[in-house]
Protein chains: 2
Amino acid sequence: MLTSQLSDIRSGSMSLATPSPAGAAWQRQAKLWSNLKEVCDLLRIQARVQNDDYQFQHMQFKAGQRIHTIGQPFDMLYIVNSGFLKTVMIDELGNEQVLGFPMKGDMFGIDGIHRKQYSTETVALTNCDVILVPFKIFSGLGRTNAELEAAIYAVMSRELVREQAMISTLGSLSAEARVARFLVFLSERFSDMGYSGTQFNLRMTRQEIGNYLGLTLETVSRTFSAFNAIGLISVDQRAIVIHDLQSLRTLRRLPPSRVRAKAADKKRAAGESAAAA
Amino acid sequence: MLTSQLSDIRSGSMSLATPSPAGAAWQRQAKLWSNLKEVCDLLRIQARVQNDDYQFQHMQFKAGQRIHTIGQPFDMLYIVNSGFLKTVMIDELGNEQVLGFPMKGDMFGIDGIHRKQYSTETVALTNCDVILVPFKIFSGLGRTNAELEAAIYAVMSRELVREQAMISTLGSLSAEARVARFLVFLSERFSDMGYSGTQFNLRMTRQEIGNYLGLTLETVSRTFSAFNAIGLISVDQRAIVIHDLQSLRTLRRLPPSRVRAKAADKKRAAGESAAAA
DNA sequence: CGAGGGTTTGAGTCGCATCAATATCTGTGG
DNA sequence: CCACAGATATTGATGCGACTCAAACCCTCG
């Protein structure tokens, strides 16, 4: 029964969460230019703008291609119009760290402003359509339009808050809770983009997910299997069906067997002593 | 011998890394206003500004006082002029997470821009002198001065990169490596501020350090003791002396005993097979 | 069809958390 | 000035969760 659900997704020639009607169409239909209003809509910021002087160029990337690299001089911000990417940092010890998976409506490249060169690299996981936003021009437009300027600050602040949430996740949650959060995050993101929030295909490997969440790929795989086993989700390779989003939202650890019993004991004991006193 | 070094710090009536000559003087000598140039200098941004129209107000806080709280409407950014603080986020499950320890020259409150209310709270760990920066006014000044505006973006980007580095730390490093990094970070920060980079007093508890690094307070304590035992540092309560900064910089794990041996075996085996081929 | 990357699953181990006891520091009131 | 309470720090014993290593399987693509 689980298998039948999944086969619906996987066997269908049209993949879920792919905007273009047919697979290879993305390149021919590519939109080459956007005006400021379209850019703002994509970023989900409500700036009343009428300035159509500048047209922002689109650029298409194939899966595997790099949009920017570490150390490259900074002059562009990027906005995802379609497709999926990953942003990676490499620390002084050579460790790779996945920092995020930019998708439709996300801005990336902000880290480059500070030192005038990117401190991360961003790679396309699928074929992508990305809008190029020359930083000088963007901030220049902001200077003539206070509303737009506020929106730019807001987008940067939003990124900051997202990273803070990630720090909190890595600093305090168990492996299961991290994976659960990741699934909830994806679900909400897919919903926002107008796709199904309950069934979708992962665009990244277990390795990349694990790296992102501070776990090994085996732990990610095992956790998916465990969620599958208790009916929270169905997994088959990259295909995911979410059955119980609410449980995923509140999950801290898996059915802790005797831990739960112990907690119950404690609570009971507390109740007794309170009653005795 | 180790003890004697530490007693130098701890017994001295004047504490290290305290700018004001005498303990209680901070309140009387408090500087009440700063102009834009002074603010920029503090933030270590080189903006050629001559606008002295606006005077930024200072405000003094005692240890334990809250500068802003979660959910409070956002209208201010803050810059630390002196003292030490901590910034904390509380996630939906009620977990506290220390996000940083703002000190002289750091800006905080940036997270509030996005939703127009702070998503974090910041508490004084010591008595502090903080500059209040009304965001509307600050960004307004930026709009008339491109150089300043670029500097504002740069400060925000700097914060973002710092958080990214923190994610990388939490995601990939062992407990020892995290603690070592933390010490290096403090050392560099104290040096920047003009204090000794090799001996200083911690302003935060083991609990706060552990929370910040995604560890328990016991692990932090044990790791300090271990570093002490192998001569990298001397610790006594909050007093720290750094003996070998370079080792702290490159440390991944503690004297790995047989792990190191195992790695050596592997390398040897690889060398042999390569030679055989 | 074979090669190679990606995924699943198992067995064993280790790092860090947890629980607990003691020691030390700080401040406060008698 | 001392005594005491509460917060902070150290250290030990123990257990669990996640990593490591390894083998098999699955999917894709040339």
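Keep in mind that what you see is a predicted model, and the values were worked out from it rather than measured. Within every chain, numbering begins at 1; the chains are lettered A, B, ... in the order of the sequence lines, protein sequences first and strands thereafter.
- B:R181 and B:T169 are linked by a side-chain donor-acceptor pair at a separation below 3.5 angstrom, with hydrogens and angles left out of the test.
- A straight line from CD1 of A:I209 to C1' of C:dT7 spans 11 Å, rounded to a whole angstrom.
- Atom C1' of nucleotide D:dG17 and atom CZ of A:R178 are separated by 11 Å, given to the nearest angstrom.
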Could you pull out the protein-nucleic contacts involving nucleotides 8-12 of chain D (nitrogen or oxygen on both sides, under 3.5 Å)?
residue : atom : partner : partner atom : Å
D:dA9   : OP1  : B:R238  : NE           : 2.7
D:dA9   : OP2  : B:R206  : N            : 2.8
D:dT10  : OP1  : B:R206  : NH2          : 3.3
D:dT10  : OP2  : B:R206  : NE           : 2.7
D:dT10  : OP2  : B:R206  : NH2          : 3.1
D:dT10  : OP2  : B:S221  : OG           : 2.9
D:dT10  : O5'  : B:S221  : OG           : 3.4
D:dT11  : OP2  : B:S225  : OG           : 2.8
D:dG12  : N7   : B:R222  : NH1          : 2.8
D:dG12  : O6   : B:R222  : NH2          : 2.9

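- Spacing between atom CG of A:N211 and atom P of D:dA18 amounts to 17 Å, rounded to whole angstrom units.
- Rounded to an integer number of Å, the gap from CG of A:L125 to C1' of C:dG6 is 14 Å.
- Note: CZ (A:F227) to P (C:dT8) measures 14 Å, nearest angstrom.
- Aromatic rings from A:F200 and A:Y195 are positioned such that their centres are separated by 6.0 Å or more.
- What separates CG of A:L173 from P of D:dA18 is a distance of 11 Å, to the nearest Å.
- Between A:K86 and A:E121, none of the side-chain N atoms (NZ, or NE/NH1/NH2) sits under 4.0 Å from a carboxylate O, so this pair counts as no salt bridge.
- The backbone N or O of A:L217 sits nowhere less than 3.5 Å from a side-chain atom of A:S221 that would complete a donor-acceptor pair.
- Here A:G210 lies out of heavy-atom contact (under 4.0 Å) with every strand.
- Using a 4.5 Å heavy-atom cutoff, the side chains of A:Y78 and A:D106 are not in contact.
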Exercise for review: Would you please test B:F84 and B:F101 for ring pair (Phe, Tyr, Trp, His ring centres under 6.0 Å) and show each step?
Suggested key: CA-CA 7 Å; B:F84 296 84; B:F101 298 106; 9.5 Å; no
